[in-house]
Amino acid sequence: MAKESKKQVSAITDMEQDFAQWYTDVCTKAELIDYSRVKGMFILRPYGYALWENIQGELDRRFKETGHENVYLPLLIPESLLQKEKDHVEGFAPECAWVTVGGSEDLEERLCIRPTSETLFCDHYANVIKSWRDLPKLYNQWCSVLRWEKTSRPFLRHREFLWQEGHTMHETAQEAIEETLQMLEVYADFCENILAMPVVKGVKTDKEKFSGAENTYTIECMMHDRKALQSGTSHYFGDGFARAFDITFADKENKLSYPHQTSWGLSTRIIGGIIMTHGDNSGLVLPPRIAPTQVMVLPIAQHKEGVIEATGALAARLKAAGFRTKTDVSDQSPGWKFAEYEMKGVPLRVELGPKDIENNQCVIVRRDTGEKQFVSLDQVEAAVSAALDAVHAGLYQKAKRNLEEHTYAAKTLEEAKAIQAEHGGFIKTMWCGEEACEIRMKEEAGMTSRCIPMVQEQVGDCCAICGGKAKDMIYWGVAY
RNA sequence: CGGGGUGUGGCGAAGUUUGGUAUCGCGCUUGGUUCGGGUCCAAGAGGCCUGGGGUUCGAAUCCCCACACUCCGACCA
């Protein structure tokens, strides 16, 4: 009886049994998300939104440290504007949603709800960039965009999703390329040091790059089911958009020149990545540096004299020390509370009961390992700080091990196919650079190219697919 | 957009084959009890069974049509 009710309350499917169902369970049971009336549009509940706010805070600080300014551009793009750059419109047209009526009047020109804002930024830049003195322009926008996806999943594929999009303009190609790479580094650093997610940095093939870009750089992460998640991208555009939008400036020699452009983005999709990188069968596991609640202080035998007061005092101390701390003095049983905050991925639980109070101590429990530690109340701040760092390091190491243990080298298509079928993960091979080989890999092994990593290795002499002359070492994988 | 699955109080399900006016668990409310891993007991509130049409004396149940969610595939961040 008790066993049965336990199972019904927890109700998170084991990831080994059904990974997709596990994922959906975590999203809803941890109260990150709710479904709305419109397909593909999700409600970010307070806990999920708080996570995004913390992500925003960390990224925004990094953007500002690297000289960027926030702006806000309109939601709607006139069709004529969207069509100025050929590759771009071809890439996005299939998933655009349109506004055709205003009030009761049909509009003369239909308006696209932004799927991304390159065209809006370019239109604006054409107005404000006149001289080399106006460069660089280092803008970022926090907003939502809309793409009419056919299928959707919480965080991983929303029709409307929150993101940031950086759009910059530079005097020289060199400077723009440096910016592109710099922002890739910002994302990689953020993922590894804040989210505890190890990344593979690289450049996309022509087939996989952003519509209209010259180069797309990416950070690829490996999820627990060994599928790949593209977690952030940074694009170098050259002067293609500038020419299409007629953005010119007088350079230092008073010659009319086209500026060089970049854009880079990271979305709420990363939350899906956090869930699938760190989560376990008890639910969410949050990296401490962005967890909305880092420490949950729970009273044991709270009806006993002084326990609730002591719990409140301890929580206040931890809050004062700068830790995001909460308590739960509801009349649920301790066991219920343990399970609840595990499901919500709170990195540390601090238990405080009559015995602890008597001994001037508390119990610190790590979410990732379940490890318990008895700590004197005199040193609790230092212990919590160390434990949070330990959780971060533990999560990172575990994810890194998953990435490394499931990255394989292959010399032939057959070998790659066999490895993918048996183990999943990333498979590195040599590649000739031909799109035909990418298509063949997709058709035969179900894998797309993830990236050509910055750090190259010689894993063979010729292209694993066609046997032709190898150009680069490339990563393949099944992607979200 | 192709293929499968599902739709019954807030959640998870039984009931559908063989039509007879809805059952169970969780949650919720109130009171008591317990508290170091989802305590226990009692009393209560809440559903015209996704929507629309049809068959029938009678439909959650049979038929048709929509819609939604979900999984797999194609496409995409």
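In what follows, chains are A, B, ... by sequence order, proteins preceding strands, each numbered from 1. Values in this document were obtained by computation on a predicted structure and should not be read as measured data.
Here A/K442 reaches the OP1 or OP2 of B/A74: one of its side-chain N or O atoms lies under 4.0 Å away. The shortest distance between the side-chain N/O atoms of A/R153 and the OP1/OP2 oxygens of B/C71 is below 4.0 Å. The phosphate of B/C71 (OP1 or OP2) has a side-chain N or O of A/T24 nearer than 4.0 angstrom.
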Show me the side-chain donor-acceptor pairs of residues 284-295 of chain A shorter than 3.5 Å, one per line, residues at least two apart or across chains.
unit_1	atom_1	unit_2	atom_2	d
A/R289	NH1	A/N193	O	2.7
A/R289	NH1	A/H392	NE2	3.3
A/R289	NH2	A/D389	OD1	3.4
A/Q294	OE1	A/R324	N	2.8
A/Q294	NE2	A/P288	O	2.9

Donor-acceptor pairs are to be reported for all side-chain atoms of residues 418-428 of chain A against protein atoms at under 3.5 Å, with residues two or more places apart or in another chain.
unit_1	atom_1	unit_2	atom_2	d
A/K428	NZ	A/E457	OE1	3.3
A/K428	NZ	A/E457	OE2	3.0

Quick one: which protein N/O atoms are closer than 3.5 Å to N/O atoms of nucleotides 67-69 of chain B? Pair and distance per line, please.
unit_1	atom_1	unit_2	atom_2	d
B/C69	OP1	A/K39	N	3.4

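Rounded to whole Å, the C1' atom of B/A14 lies 15 Å from the corresponding atom of B/U6. One P atom belongs to B/C24, the other to B/A43, and the distance between them is 13 Å to the nearest Å. Rounded to whole Å, the separation between the P atoms of B/A13 and B/C71 comes to 14 Å. B/C35 and B/G20 have their C1' atoms separated by 49 Å, given to the nearest Å. To the nearest whole angstrom, the two C1' atoms, one in B/G27 and one in B/G73, are 37 Å apart. For the P atoms, the distance linking B/C40 with B/G36 amounts to 12 Å, nearest Å. Going from the C1' atom of B/C64 to that of B/C75 covers 33 Å, rounded to whole Å.
In this structure, A/K344 satisfies the cation-pi test against A/Y47, with its NZ or CZ atom closer than 6.0 Å to the six-membered ring centre and inside 45 degrees of the ring normal. Figure legend: A/R450 and A/W431 shown without cation-pi pairing, the cationic atom not lying both under 6.0 angstrom from the six-membered ring centre and within 45 degrees of its axis. Taking the ring axis of A/F338 as reference, the NZ or CZ atom of A/R349 stays within 45° of it and closer than 6.0 Å to the ring centre.
The side chain of A/D356 has B/G36 as its nearest neighbour among B/C1, B/G36, B/C71. Nearest nucleotide to the side chain of A/T151, out of B/U70, B/C72, B/G36: B/C72.
The distance from atom CD of A/Q230 to atom P of B/A77 is 7 Å, rounded to the nearest whole Å. Rounded to an integer number of Å, the gap from CD of A/E208 to C1' of B/C76 is 10 Å. Taking atom CZ of residue A/R157 and atom C1' of nucleotide B/G73, one finds them 13 Å apart after rounding to whole Å. Distance, A/E149 CD to B/A77 P: 8 Å, rounded to whole Å. In this structure, CG of A/D25 is placed 10 Å from P of B/C71, rounded to the nearest angstrom. Between the P atom of B/G38 and the CZ atom of A/R349 lies a distance of 12 Å, rounded to the nearest Å. The separation between A/R45 atom CZ and B/C11 atom P is 12 Å, rounded to whole Å.
Map A/D18 and A/F210 each onto its nearest nucleotide of RNA chain B; the residue landing nearer the 5' end is A/D18. The residue among A/W163 and A/V365 whose nearest nucleotide of RNA chain B lies closer to the 5′ end is A/V365.
Under 3.5 Å, the side chains of A/Q21 and A/D25 contain a donor-acceptor pair of N or O atoms. Checking A/E53 against A/Q56 by side-chain atom types alone, no donor-acceptor pair falls below 3.5 Å.
Exactly one of A/I219, A/L403, A/T218 qualifies for a side chain to side chain contact (heavy atoms under 4.5 Å, CB included) with A/V200. That residue is A/L403. Partner A/H68 forms a ring pair (Phe, Tyr, Trp, His ring centres under 6.0 Å) with one of A/Y139, A/W142, A/W264 and no other, that one being A/W264.
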Next on the checklist: Can you build the contact string for nucleotides 30-35 of chain B? Use B for base contact, S for sugar-phosphate-only contact, and - for no protein heavy atom under 4.0 Å.
Outcome noted: -----B
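A heavy atom closer than 4.0 Å to some atom of RNA chain B occurs in A/S267, A/R269, these being the qualifying members of residues 265-298 of chain A.
In RNA chain B, runs of at least 3 consecutive Watson-Crick or G-U pairs, each pair with both distances below 3.5 Å, span B:1-7 with B:67-73, B:10-13 with B:23-26, B:28-32 with B:40-44, B:50-54 with B:62-66.
In this structure, A/F63 and A/Y187 have perpendicular ring planes: the angle between them is above 60°, well past the 30° mark.
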